[in-house]
Amino acid sequence: MGHLDVFYRAFRAYREALQKEHESKLLRDELVKEGTDEKVCVTQVTCHVEQDWVDAIDKGLVFIGKAIDEERQFIRSEGEVQPIEKVRHVSRESAEHLARHSNLITRAPAEGEDLLPEKLYTVERLNNYAVYENRFLYMVLCLLNDFISLRYNQIVRETNTYRGETTLHKSVTSGKRRLQCDIVLKEASDDDPYLRNRNELGEVLSRLERLQRSVYYYLHTPLMSEVAKADKLKPPVTKTNVLRMDKNFKEVVALYEFIVAYTRDGFTVTRQEHAVDLKDRAIAEEFSEPVLLLSFLTYEHGMDISDALRTEYEAEERRRREEEQRALREQVDAMRRRMREKGCTPEEYILLLERRNGELEKESEQLVRARATITALGEEKTALQKTIERCQEEIAQLNAAHTAELSRRDEQEETLRRKADEAEAEHAAALVEFTRKKADEIAALMAKNEQTVQELDTRLQQNDAKCAQLETTLGEREEQCALLHARLTALRREHGLLTDTDDYTSEAAFTELEHELEVLAKYARSQWTTAKQLLRREVFGGWLRARMAKNKRTAENVPASSEKERTAENAPARSEETSAAGNTSVSSAKETAAGDASEGFGHEIAENARAGVTEAEKTGAAGAAQSAAESGKEGDHGKDA
């Protein structure tokens, strides 16, 4: 609180001195009224320490102390054959060794003397504390030291650090004076004395300090000091019988496992900003004082009137001291007169003299301090002059080095710039060449691809034409197969070759049979059309030839010899007409039979239709029917082929 008290007293004196100054009072009032977007806040930290790890360490240290008190060790025996003069003590092992090595006895003793060998085996037993369990204790203590120190330092740093922030924006006008000020202050002070003395975690921190001192004490015990000289133990830890069975070491192992598995911070920190209410006039006036002080300092050093102000200050101080001394002298003179006139007591006069002497002593002390200050300032001035000269020399050297460095860098930059330009030109040329090559490759690939596409289109069109042709051929072949199968079935039916295995009642077989019937009917209709055309050509051709012959005879005016000759001439015509009529009857019968067969009546209905032709018609149309039948057979044979 020492420096805070000094600042507080100085600030109070500063404010009391400015209270009497009228202009400052007016400006302060304006500063209090003006204020936008201003903030004064302090970050307050609240820390909560979890007690689980503190309790575990506090409990485990008790067992660590007990384990250290056990002072586990093993005895190491070191034997050596030494001259008899250096032997300090003799043990059982010495006698056993001498009994086995009689060559150490080099001379026989005289009468009355003891048997003394030339050399003797001695055993030195040394205590070794660097056992595995003690090294484990040392490792746990080192781990605890780091564990506690880390968390203790973090907690102290968080709770004892002062963080303050002030933001002031002022813009006022007072008479002929205009003032605008923007102040931003951010402060952080570690290990603040005020916060340290009033820390809410004082008990917890004291407990942690006690634990840390205990760990430090255990680390510096004689046992741990000896163990520290041995090789450090590193995880993983092997649980020996002692670590598993001994009660103290079992608890130490449990503490070690707890510390190793502990991954949390062990405490939580909560930060909260405490804002100062600047609407309070008293607080606002206090925060306006630094603005006035800053304005004064700016004016003082900006106008370079520090010496003039110091001179005026010293003159004013001398004037005040002279006034005080004059007033004191007047009091002394008045006291003397009063003593002469009224008889003042010497005690009162002595008091006045003491006060005067005190003032003189103060002036003397001030003069001594002033002389010491002048001497110190002179020495400081001399040292500063030397420092300035040295700095000027260093500046000159640095300027020369800087100039040389700049020249070297300029040369390097020029070299690098030239290399960069050359590299850029080479890169541009290479890029143009690469672009040209790639463009040519792309054009060649595009042309090749277009040619390939055209060839593929041509092949595709050819394949489509072939597919269409093959589909047409396939349809024709399917119809021929169906026709042949139908004719085969009809022939087998006609000749009675169908058996019980030939079953057409299933859906697929019946569908195939219908398809064959449809193809057969289509074939019969096409053949019947061809037969009708042939019959018509034959009948119409015979009639036409007879008619033309008749017309020819009529045109030649050949006289008829007799009625018998005319009758004989007309007989062939009638015969031809009769033959044509017979042919027509036969064609009608064939058409009826073919239609019945196409409608599914079968071979029997066609035979009956052909049998229904009268014998007379058959006799009259024998030639025509035979000719038509032969033509039909030839057509069938051609179709089958």
Heavy-atom count check: over 12 atoms from other residues, nucleotides or ligands less than 6.0 Å from Asp231 CG? no
Can you tell me if His301 has over 12 outside heavy atoms packed within less than 6.0 Å of its NE2? yes
Are Leu255 and Glu251 packed together at the side-chain level, in the sense that at least one heavy-atom pair is separated by less than 4.5 angstrom? no
Would you find more than 12 non-hydrogen atoms of other residues, nucleotides or ligands less than 6.0 Å from Glu209 atom CD? yes
Between the main-chain N or O of Leu201 and the side-chain N or O of Asn199, is there a donor-acceptor pair closer than 3.5 Å? yes
Should we count CG of Asp304 as having more than 12 external heavy atoms under 6.0 Å? no
Within the distance-only criterion (no hydrogens, no angle test), does the side chain of Tyr132 pair as donor or acceptor with the backbone N or O of Thr238 below 3.5 angstrom? yes
State, without any angle test, whether Glu133 and Thr240 hold a side-chain donor-acceptor pair at a distance under 3.5 Å. yes
Any salt bridge between Arg157 and Asp190, counting N to O under 4.0 Å? no
Scanning both residues in full, the closest heavy-atom pair of Thr43 with Glu273 reads OG1-CG, 4.2 Å
Just wondering, do Leu208 and Ile155 contact through their side chains at under 4.5 Å, heavy atoms? yes
To the nearest 0.5 Å, how far apart are CD1 in Ile64 and NZ in Lys66? 12.5 Å
Minimum-distance pair of heavy atoms, taken over all atoms of Cys47 and Thr159: CB-CG2, 3.6 Å
Would a 4.5 Å heavy-atom cut-off, applied to side chains only, mark Tyr162 and Val42 as touching? yes
Is the backbone N or O of Pro193 less than 3.5 Å from a side-chain atom of Asn197, with the two atoms forming a donor-acceptor pair by type? yes
Verdict with reasoning, Arg319 to Glu323, per salt bridge (charged side-chain N to carboxylate O under 4.0 Å, His left out): CA-CA 6 Å; Arg319 185 187 66 79; Glu323 288 182 355; 2.3 Å; yes
Heavy-atom closest contact (Val62 atom, Asp58 atom, distance): CG2-O, 3.7 Å
Between Asn134 and Leu137, does a side-chain contact (heavy atoms from CB on, under 4.5 Å) hold up when you go through it step by step? CA-CA 5 Å; Asn134 292 339; Leu137 288 176; 4.2 Å; yes
Side chain proximity check, Phe258 to Ile57, heavy atoms < 4.5 angstrom: no
Check this for me: does any side-chain nitrogen of one of Glu158 and Arg271 sit under 4.0 Å from a carboxylate oxygen of the other? yes
So for atom NZ, which belongs to Lys234, do other residues, nucleotides or ligands contribute more than 12 heavy atoms lying within a distance under 6.0 Å? no
Side chain to side chain, Leu144 and Tyr218, heavy atoms closer than 4.5 Å: no
Please check this pair: side chain of Arg135 against backbone of Val227, looking for a donor-acceptor N/O pair closer than 3.5 Å. no
Check: Lys239 side chain, Arg244 main-chain N or O, donor-acceptor pair, under 3.5 Å: no
In plain terms, say whether Arg320 and Glu316 are close enough for a salt bridge, that is, a side-chain N and a carboxylate O under 4.0 Å apart. yes
Do the side chains of Gln51 and Val204 get nearer than 4.5 Å, heavy atoms only? yes
Hey, is Arg207 close enough to Asp55 for a salt bridge, meaning N to O under 4.0 Å? yes
Does the side chain of Gln212 pick up a donor-acceptor pair with the side chain of Ser149 at under 3.5 Å? yes
Is there a side-chain contact between Leu195 and Thr161 (heavy atoms, below 4.5 Å)? no
For Tyr138 and Leu233, run side-chain contact (heavy atoms from CB on, under 4.5 Å): C-alpha distance rounded to whole Å, both residues' side-chain angles, the deciding distance at 0.1 Å, then the answer. CA-CA 8 Å; Tyr138 184 78; Leu233 187 64; over 6 Å; no
Between the CZ atom in Phe249 and the CD atom in Glu70, the distance rounded to the nearest 0.5 Å is 5.0 Å
Do other residues, nucleotides or ligands put more than 12 heavy atoms under 6.0 Å from Gln272 CD? no
Salt-bridge criterion met for Arg321 and Glu324 (N-O under 4.0 Å): no
Taking the cut-offs as 6.0 angstrom to the six-membered ring centre and 45 degrees off its axis, would you call Arg213 and Tyr217 a cation-pi pair? no
Looking at CD1 of Ile148 and CG of Leu211, how far apart are the two atoms once the value is rounded to the nearest 0.5 Å? 5.0 Å
Assess the residue pair Glu414 and Arg417 against the criterion (side-chain contact (heavy atoms from CB on, under 4.5 Å)); give the C-alpha distance rounded to whole Å, side-chain angles, the decisive distance to 0.1 Å, and a yes or no. CA-CA 5 Å; Glu414 184 65 25; Arg417 189 181 297 108; 2.9 Å; yes
Nearest 0.5 Å, what's the CD-NE2 distance between Gln180 and His169? 10.5 Å
How about OH on Tyr14, more than 12 heavy atoms from neighbouring residues, nucleotides or ligands closer than 6.0 Å, or not? yes
Step through the shown structure and confirm whether more than 12 heavy atoms of other residues, nucleotides or ligands are within 6.0 Å of CZ on Arg408. yes
Check whether Arg28 reaches the backbone of Glu285 with its side chain - one donor and one acceptor, N or O, closer than 3.5 Å. no
Kindly give the heavy-atom pair with the smallest separation between Arg264 and Arg151, and that separation in Å. O-NH2, 3.0 Å
Contact between Asp191 and Arg196 at the side-chain level, heavy atoms closer than 4.5 Å - yes or no? yes
Can you label the angle between the Phe136 ring and the Tyr256 ring as parallel, tilted or perpendicular, going by 30° and 60°? perpendicular
Could you tell me the separation between the CG atom of Leu309 and the CZ atom of Phe296, rounded to the nearest 0.5 Å? 5.5 Å
Salt bridge between Asp307 and Arg310, side-chain N to carboxylate O under 4.0 Å? yes
Approximate separation, where rounding is to 0.5 Å, of Glu203 CD and Leu205 CG: 10.5 Å
Nearest non-hydrogen partners of Asp29 and Arg281, listed with the distance: OD1-NH2, 3.0 Å
For the student: nearest non-hydrogen atoms of Phe267 and Val49, plus distance: CB-CA, 4.0 Å
Exam field: side chain Ser295 to backbone Val291, donor-acceptor pair closer than 3.5 Å: no
Does a salt bridge link Glu330 with Arg326, judged by any charged N lying under 4.0 Å from a carboxylate O? yes
Please lay out, stage by stage, how Thr166 and Val276 fare under the test side-chain contact (heavy atoms from CB on, under 4.5 Å). CA-CA 10 Å; Thr166 300; Val276 179; over 6 Å; no
Given salt bridge (charged side-chain N to carboxylate O under 4.0 Å, His left out), test Glu413 with Arg409 step by step and report yes or no. CA-CA 6 Å; Glu413 289 180 358; Arg409 289 190 177 183; over 6 Å; no
